[in-house]
Amino acid sequence: MPDTLARFLRDLDAEIRDRQDWGQVADYIPELARIDPAQFGIAVALPGNRIVTAGQAEKRFSIQSVSKVFSLACVLGRIGEQIWTRVGREPSGRRFDSILSLEEDGGRPRNPFINAGALVTTDELVTGRAPKEALAEILAFLRIAAEDEEIHIDRAVARSETETGYRNVALANYLKSFGNLRNAPEITLGTYFHQCAIEMSCVQLARAGRVIAGLSCAPQMLTPLKARRINALMMMCGHYDGSGDFAFRVGLPAKSGVGGGILLVAPGRASVAIWSPGLNGYGNSQMGSYAAERLARETGWSVFG
Ligand code: DON
């Protein structure tokens, strides 16, 4: 399997490298707007601590919304089921930064992966302590899960989003007006922007994702029930209003980020990280989505049997 997979990934990398339709980098965060979209990397973590890679699998990128999977895992560990009084578990069918359903739903975001929902989870993590302690918990989770201490925050990206993140400022203030933000908006926002600015390589992210995939070689950090539930949310909400199409094409739980990363989970079988910074119209990695579809077809991995 690893040999066949390595060959497949090498060919996929070569094929993608020849393509022209990379999509557009996220331009609303100036630090991300400077990145060349024509880049691609993939890492597949398999049981038995094996890892197969192709392309720029060691290059670090801004994990952005992929961090929401891990902040949710931390919150579930901290307060468990109580989080669901503040945030829902339904697909939003709207853009990741939409404010519309927040009004309709009386300030309770539809799910923890849209920006409004992630602000609520991060707000919970920062309650009763300093932002740097909440960030230390998320970083510690990632470092233990990946068994790699070299996972850090890119301060320039955090600063860039702090300076220009007007929509998130609006969302945080709107949540506050509904009484669904415990901390001052700037405290929660600052923590959230730094969490999104964590940088990791595909190899590091695939290794961290082993705990979500429930691989037996992974550090035991989540109960099987928690992992199953996080996977369900990734499947239904991980690609925002593109989640249905992604499930249709790929058939596996996944979470995207505007840095171009995708964490893809084949429960019990593999944890996959893909990176290509050009995005499609939903704000999800264009070549990353294509690679996920090709990989799922090649391996037959699917949660639908
Ligand atoms: O809050 C934002 O807009 C970004 N820090 C993260 C958004 C994101 O990654 C959406 N994913 N595709």
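First listed ligand is number 1; within each ligand, the first listed atom is number 1.
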*Quick one: do Val258 and Trp22 end up in the same hydrophobic cluster if we chain Ile, Leu, Val, Met, Phe, Trp and Tyr together by side-chain heavy atoms under 4.5 Å apart?*
no
_Lys255 N/O under 3.5 Å from ligand 1 N/O_ = no
*asked:* If we only consider heavy atoms of Tyr240, is any one of them less than 4.0 Å away from an atom in ligand 1?
replied: yes
_Which of the numbered atoms in ligand 1 are under 4.0 angstrom from any heavy atom belonging to Cys196?_
5 (N)
*Purely on distance, is any nitrogen or oxygen of Ile29 under 3.5 Å from one on ligand 1?*
no
*How about Thr122 and Gln195: does a side-chain donor come under 3.5 Å of a side-chain acceptor?*
yes
*Stepwise ring-ring contact (aromatic ring centres under 6.0 Å, His included) check, Tyr240 with Tyr282*: CA-CA 7 Å; Tyr240 315 108; Tyr282 297 114; 9.4 Å; no
*Starting from atom 1 (O) of ligand 1, which protein heavy atom do you reach first, and at what distance in Å?*
Tyr192 OH, 2.6 Å
*Consider only side-chain heavy atoms of I, L, V, M, F, W and Y, link residues closer than 4.5 Å, and tell whether Val75 and Leu181 are in one cluster.*
yes
*May I ask you to test the Phe96-Gln64 pair for a side-chain heavy-atom distance under 4.5 Å?*
no
*Nearest protein heavy atom to atom 5 (N) of ligand 1, by residue and atom, and its distance?*
Gln64 OE1, 2.6 Å
*asked:* Would you compute the distance between atom CZ of Phe193 and atom CD1 of Ile29 and round it to the nearest 0.5 angstrom?
replied: 8.0 Å
*Nearest protein heavy atom to atom 10 (C) of ligand 1, by residue and atom, and its distance?*
Ser65 OG, 3.0 Å
*What protein heavy atom sits nearest atom 12 (N) of ligand 1, and how far away is it?*
Gly283 O, 3.0 Å
*Can you find an N or O of Lys68 that's nearer than 3.5 Å to an N or O of ligand 1?*
no
_Proximal atoms of ligand 1 relative to Asn168 (non-hydrogen, under 4.0 Å)_ = 1 (O), 2 (C), 3 (O)
*So, does Asp97 sit close enough to ligand 1 that a heavy atom of it is under 4.0 Å from the ligand?*
no
_Among Asp123, Asn168, Leu135, Thr121, which residue satisfies the side-chain contact (heavy atoms from CB on, under 4.5 Å) criterion with Tyr192?_
Asn168
*What do we get for Asn115 next to ligand 1 when only non-hydrogen atoms under 4.0 Å count, side chain, backbone, both or neither?*
side chain
*What is the minimum heavy-atom distance between Met234 and Leu263, and which atoms define it?*
CE-O, 3.8 Å
*Proximity flag Phe193 to ligand 1, non-hydrogen atoms under 4.0 Å*: no
*Identify the protein heavy atom lying closest to atom 2 (C) of ligand 1, giving its residue, its atom name and the separation to 0.1 Å.*
Glu161 OE2, 3.1 Å
*Are any of the side-chain heavy atoms of Thr85 and Arg108 separated by less than 4.5 Å?*
no
*Taking the side chain from Arg94 and the backbone from Ile99, do they hold a donor-acceptor pair closer than 3.5 Å?*
no
*Look at atom 3 (O) of ligand 1 and say which protein heavy atom is nearest, naming residue and atom and giving the distance to 0.1 Å.*
Tyr28 OH, 2.6 Å
